[in-house]
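A quick write-up on the structure given underneath.
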There are 2 protein chains.
Amino acid sequence: MPPRKPSSASKAPARTFKTKPGKPTSTDVAAAAGVSRSAVSFAFNNPQRISTATRERILAVAEELGYTPNTLGRMLQAGTTNSIGVLLPQGLAQILENPYYSRFLMGAGQVCDREGYTLLLTPPLQDSVLKAIPYAAVDGFIVCGLEIDRGEVAELDRRGIPFVLIDSDRHEGAPHVEVDDRGGARDVARYLLELGHRRLAVLSIGPRPAADPGHRGPLARRLAGITDALAEVGLTLDDVRVAEVPVTRADGYKATRELMSGEPPSAILALSDVLAYGAVDALQDLGVAVPDEVSVTGFDDLAESAWFRPRLTTVRQPIVTKGRIAADFLISAIRGEDQHPHQMLGTSLIVRDSATNPA
Amino acid sequence: MPPRKPSSASKAPARTFKTKPGKPTSTDVAAAAGVSRSAVSFAFNNPQRISTATRERILAVAEELGYTPNTLGRMLQAGTTNSIGVLLPQGLAQILENPYYSRFLMGAGQVCDREGYTLLLTPPLQDSVLKAIPYAAVDGFIVCGLEIDRGEVAELDRRGIPFVLIDSDRHEGAPHVEVDDRGGARDVARYLLELGHRRLAVLSIGPRPAADPGHRGPLARRLAGITDALAEVGLTLDDVRVAEVPVTRADGYKATRELMSGEPPSAILALSDVLAYGAVDALQDLGVAVPDEVSVTGFDDLAESAWFRPRLTTVRQPIVTKGRIAADFLISAIRGEDQHPHQMLGTSLIVRDSATNPA
DNA sequence: CTGAAAGCGCTTACAG
DNA sequence: CTGAAAGCGCTTACAG
């Protein structure tokens with residue numbers, strides 16, 4: 001007998017005698033059903049391309065072997081993951097503790113639901129947003145809170161992966177959705193100043209990176225808005241105290257206690273509702289009446305701010321809408337429909353009960 | 001001149017003359033740097049295996065071409081994604097609107113942060129949890145709220161993908177973390193009964209699937225707990241009104257208004273805090289005093305329940321801990337360390353201000 | 001209606 | 001120190 005072609009002769013048995021099959025592959029099913037791998041693929045994805053009988057047989061064998069097409073193999077071949085990544089500025093625990101992000105993700109989630117995408121939450125890897133990028137198998141990214149760009153935008157560009165920027169510094173030509181942070185902050189600062197407050201304290205979000213020359217993110221814009229309002233009454237940012245605080249209720253609390261231990265302000269302007277809650281907690285614990293002795297304002301207008309006591313005076317930004325538009329933009333970019341969309345969203349001052357005239 | 005081997009001769013030029021390179025691959029870099037693809041790979045992942053000079057050259061060429069190793073190709077080869085999937089029972093919008101899930105995800109997120117995993121939120125595809133499974137590129141799943149198994153567990157098993165069950169019906173041999181739902185519900189029902197309430201209404205979570213014989217999930221356990229308590233005073237579940245409501249504040253509101261339009265209960269036992277908030281909203285709008293005219297209790301003890309007015313009497317379950325343990329179990333399973341862990345978590349009755357003796 | 005081949009990009013033994 | 005080959009699993013033109 002002539003020897004069979006060595007390549008096939010040496011390989012087939014090796015496969016056949018595998019002890020533990022591990023996960024069966026399409027090759028295994030093809031062998032067991034006596035068909036080619038293409039036939040197996042067709043049985044799953046393109047039924048009309050093979051006869052019903054063949055298909056049934058293949059499916060039966062697959063069932064018996066416990067075969068199921070490998071997700072990664074499929075994605076590599078398709079070049080698509082049906083997943084949207086959210087590139088986050090902090091760890092998952094911090095993000096998910098923050099109601100702001102829940103709202104934002106909810107907006108993005110609405111779009112994912114509609115379009116059949118999954119949502120990959122991608123926190124920094126070893127404290128680096130940049131390092132996290134190569135480990136996310138996604139069709140595109142929503143990039144959040146990139147106050148300062150450490151090469152993320154360039155990396156995304158060179159990967160040719162679509163992205164949209166949120167709560168970030170602007171980049172020419174990059175899709176983004178912005179909020180009128182400057183206008184919102186100006187409005188609330190002006191409101192407080194018109195009420196007669198002059199001893200203002202600002203609870204800002206931080207800590208900001210040490211060397212930060214080109215800083216032009218939302219935070220900088222809010223501070224600029226406050227500066228605008230101060231200028232109208234002949235003051236500058238140097239005339240107010242600014243504390244930089246991580247965005248948690250507990251940190252707002254702590255910072256406020258420190259603030260009150262010095263010369264107490266007549267009003268605290270927090271750059272986030274969550275921080276404002278903490279400020280009110282601290283003032284209440286100190287026996288300081290809000291707003292009668294000290295006024296407090298927030299930024300965001302989270303749902304709970306209307307239920308909070310005193311009901312929080314704050315700046316509303318359309319968080320859910322922002323998430324929805326970001327996801328919509330991203331999907332357009334993924335589909336190649338619209339390459340550089342941007343949108344500016346307005347804010348509005350919501351006057352409730354937590355601020356009044358100074359005592 | 002002898003012709004070069006046809007295979008290489010016919011291919012190399014084709015690659016070389018590509019007009020738009022698309023994303024460059026390792027092959028492109030290898031060609032441009034005059035090395036093999038392995039060398040390119042080594043330059044990125046195994047620097048010590050090649051000379052410094054070669055490495056630098058490769059990296060320079062890669063930089064120039066804008067090459068970056070493809071994530072999916074890498075994952076397929078590595079057989080690992082560094083991602084944990086959360087298989088969800090509802091759309092992303094609903095999930096992220098629910099503070100319960102935010103807390104749960106926060107717990108899971110703590111573990112992801114520590115272990116360097118991303119978190120893939122996987123909602124049902126075309127209303128099917130089962131259909132969503134093949135589209136998630138993950139190392140394992142946390143399966144949530146699988147009140148009734150429609151083949152998901154079998155599918156996960158056949159895929160050989162690790163998973164842990166949460167808020168779900170039990171499955172022999174499957175890792176899971178449970179909460180003592182029955183005990184918790186019994187406690188709060190007993191509390192209400194001891195207060196003297198007999199006209200009870202239950203705001204349950206639903207709608208439950210029509211045909212549901214083998215139903216033994218957390219909901220069934222909570223109902224069983226209520227039944228236990230009722231039995232102690234000679235009542236059955238038929239003696240109370242049970243409304244099945246989707247878990248949103250608005251739905252709790254609506255259901256309560258309907259409840260009150262009939263013969264009003266003296267106490268409303270909600271199987272979720274969110275539903276309890278909605279109930280209180282409705283009662284307040286109807287001018288019914290809580291708890292003086294109608295008592296209301298919740299289940300979960302979300303953070304906001306302590307801030308809610310009246311402060312909510314409820315059953316505490318350790319949500320963040322549940323998320324953390326689920327993720328820990330999953331990662332153990334992924335690493336093959338512990339194959340079938342389970343854990344039962346206790347509940348406790350938190351007595352606050354929203355329930356009192358019947359009028 | 002079906003199969004052999006090429007290809008999606010990558011990495012890792014295995015030889016030299 | 002480096003390269004040719006095999007393989008991670010899959011799918012889709014292209015021939016028959």
Side-chain angles (χ1 to χ4, degrees), chain A residues 5-8 10-12 14-15 18 21-31 33-58 62 65 67-81 134-135 137 159-161, chain B residues 5-8 10-12 14-15 18 21-31 33-58 62 65 67-81 134-135 137 159-161:
Chain A
K5 274 181 71 186
S7 64
S8 58
S10 64
K11 257 192 246 156
R15 282 220 161 267
K18 270 211 254 172
K23 254 125 276 171
T25 73
S26 65
T27 310
D28 298 322
V29 176
V35 298
S36 71
R37 279 156 71 218
S38 354
V40 175
S41 176
F42 290 147
F44 281 87
N45 311 311
N46 228 336
Q48 69 276 23
R49 294 259 336 236
I50 54 177
S51 70
T52 315
T54 309
R55 173 157 185 261
E56 310 250 284
R57 184 156 44 91
I58 293 174
L65 259 44
Y67 168 76
T68 186
N70 176 287
T71 303
L72 246 21
R74 214 171 203 177
M75 285 178 174
L76 176 58
Q77 164 60 38
T80 211
T81 63
Y135 290 90
R159 286 189 169 258
I161 188 167
Chain B
K5 275 180 71 186
S7 65
S8 58
S10 64
K11 257 191 248 154
R15 282 219 160 270
K18 270 209 257 177
K23 255 124 272 171
T25 74
S26 64
T27 309
D28 298 322
V29 176
V35 297
S36 70
R37 279 155 71 219
S38 356
V40 176
S41 177
F42 291 146
F44 281 87
N45 311 310
N46 227 334
Q48 69 277 22
R49 294 254 342 232
I50 55 177
S51 70
T52 314
T54 309
R55 174 159 184 261
E56 311 251 285
R57 185 157 43 91
I58 293 174
L65 259 42
Y67 168 75
T68 187
N70 176 288
T71 303
L72 245 21
R74 211 170 205 176
M75 285 180 173
L76 176 59
Q77 164 61 37
T80 211
T81 64
Y135 290 90
R159 286 190 169 256
I161 187 167

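Letters go in sequence order (proteins before strands), and every chain restarts at 1.
- If you take CG of A/Leu76 and C1' of C/dC8, they are 4 Å apart, rounded to a whole angstrom.
- In this structure, CG of A/Leu72 is placed 12 Å from C1' of C/dG9, rounded to the nearest angstrom.
- For the pair B/Ile58 CD1 and D/dC1 P, the computed distance is 13 Å after rounding to whole Å.
- Taking CG of B/Asn70 as the reference point, atom CD of B/Gln77 lies at 12.5 Å (rounded to 0.5 Å).
- When the nearest nucleotides of DNA chain C are assigned to A/Ser36 and A/Gly73 by heavy-atom distance, the more 5′-ward of the two goes with A/Ser36.
- Residue A/Thr68 is in sugar-phosphate contact alone, with no base atom involved, counting any heavy-atom pair closer than 4.0 Å across all strands shown.
- The base of D/dG7 is paired with the side chain of B/Gln77 by a donor and an acceptor separated by under 3.5 Å.
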*With pairs defined as Watson-Crick or G-U wobble and both distances under 3.5 angstrom, please note down DNA chain D as a dot-bracket string, | for pairing with another strand.*
|||.||||||||.|||

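- Distance CG (B/Asp28) to P (C/dG9): 9 Å, rounded to an integer number of Å.
- A heavy atom lying under 4.0 Å from DNA chain C marks the following residues of residues 38-51 of chain B, by number: B/Ser38, B/Ser41, B/Phe42, B/Asn45, B/Arg49.
- For B/Thr54, a side-chain nitrogen or oxygen approaches OP1 or OP2 of D/dT2 to under 4.0 Å.
- Here the P atom of nucleotide C/dT11 and the OH atom of B/Tyr67 are 6 Å apart, to the nearest Å.
- Whole-Å rounding puts the A/Asn70 CG to D/dC8 P distance at 11 Å.
- To the nearest 0.5 Å, atoms OG1 (A/Thr71) and CE (B/Met75) are separated by 12.0 Å.
- Listed by chain and number, the residues in a side chain to side chain donor-acceptor pair (under 3.5 Å) with A/Thr81 are A/Asp139 (sequence neighbours excluded).
- Between B/Ser36 atom OG and B/Ile50 atom CD1 the span is 9.0 Å, to the nearest 0.5 Å.
- Atom CZ of B/Arg55 sits about 9.5 Å away from atom CD of B/Gln48, to the nearest 0.5 Å.
- Applying the ring pair (Phe, Tyr, Trp, His ring centres under 6.0 Å) test to A/Phe42 and every residue at least two apart in sequence or in another chain returns nothing.
- Rounding to the nearest 0.5 angstrom, the gap separating the CG atom in A/Leu72 from the CZ atom in A/Arg74 is 12.5 Å.
- Residues forming a ring pair (Phe, Tyr, Trp, His ring centres under 6.0 Å) with A/Tyr135 (at least two apart in sequence, or on another chain): none.
- Scored by the salt bridge (charged side-chain N to carboxylate O under 4.0 Å, His left out) test, A/Arg159 finds A/Glu155 as partners (sequence neighbours excluded).
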